[in-house]
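Only heavy atoms go into these numbers, but all of them, side chains included; no hydrogens, no water, no symmetry mates. Protein chains get the first letters and strands the later ones, always in sequence-line order, with residue 1 at the start of each.
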Amino acid sequence: MSNISKNIIENRHLYKRDFRWRHTRDPYEIMIAEFMLQRTKANQVVPVYDDFLKKYPDIKSVSKADIADIARIIRPLGLHWRSGHFKKAAEYIIREYNGKFPSSKEELLKIPGVGDYVAGVILAVAFSKNTCIVDSNIARVLNRYFGLDLTGEIRRNKKIVELSDELFSHCNCEPKEMLFAIIDFSALICTPLNPKHGICPLKDDCKFVK
DNA sequence: CTCCTGACGG
DNA sequence: CCGTCGGGAG
């Protein structure tokens, strides 16, 4: 495990991506990005994220927003039922926490629209807390690397969750660095179709290649 | 056709 | 635990 963890960080330059939402530790800006990124490609989110923060720069402005206007802004992303989450989450945080984000997973999970993944990202990025984070990409990488041969919806598989937990606990870096590194690795190298084995820094230890 | 930094209701 | 939501890109 320390091997894959180390390799993913050290070869970061091979698959580095950069996004605006990675330059903030403001939980509000992180939450907005994560809402938009659910089942959605990051490049697709870029212009929408800019538009959204321009109109709704802080949590108070969203709490007073017109949901129809939010829906209009995020329409290019699909999954339009998400538009309600933005306002409900903002209202909830203002009502329960006077506008200041809580820093425990238990509390974060009570925020409308915030599930296991978004809560984990907020903890890791905004509060530098090492927590288990599993998305469909991370699950795919671990499934392949360790030769688990799982199919279908593998994100909630117990073994995958354990491995991800180990992966993050073995990283001697900010948890967000591991998060961004493995997501970029999975998006650019360990792709769903036609993974790029030729330039993959993990191929020597990866059971999927063999 | 599959897939995208998932969350929710049933 | 499982089906579903969704537009856009490849």
**Asked** Only one of A:D26, A:D50, A:D51 forms a salt bridge (charged side-chain N to carboxylate O under 4.0 Å, His left out) with A:R20, so which one is it?
**Response** A:D50
**Message:** Side chains of A:M31 and A:F35, heavy atoms from C-beta outward: is any pair under 4.5 Å?
**Reply:** yes
**Prompt:** Taking it one step at a time, do A:D69 and A:R72 satisfy salt bridge (Lys or Arg N to Asp or Glu O under 4.0 Å)?
**Reply:** CA-CA 5 Å; A:D69 184 59; A:R72 178 185 60 79; 2.7 Å; yes
**Prompt:** Where along nucleotides 2-10 of chain B does protein come under 4.0 Å, by heavy atom, of base (B) or sugar-phosphate alone (S), with - for untouched nucleotides?
**Reply:** -BBBBSB--
**Request:** Could you give the distance separating C:dG8 and B:dA7 at their P atoms, to the nearest angstrom?
**Result:** 23 Å
**Prompt:** Will you find, in the side chains of A:R25 and A:S128, an N or O donor that is under 3.5 Å from an N or O acceptor?
**Reply:** yes
**Fill in**
Separation of C:dC1 atom P from A:I154 atom CD1, nearest Å, is 15 Å
**Request:** Name the orientation class of the two ring planes belonging to A:Y15 and A:F185 (parallel below 30°, tilted from 30 to 60°, perpendicular beyond 60°).
**Result:** perpendicular
**Request:** Pick the P atom in B:dT5 and in C:dT4, then give their distance to the nearest Å.
**Result:** 23 Å
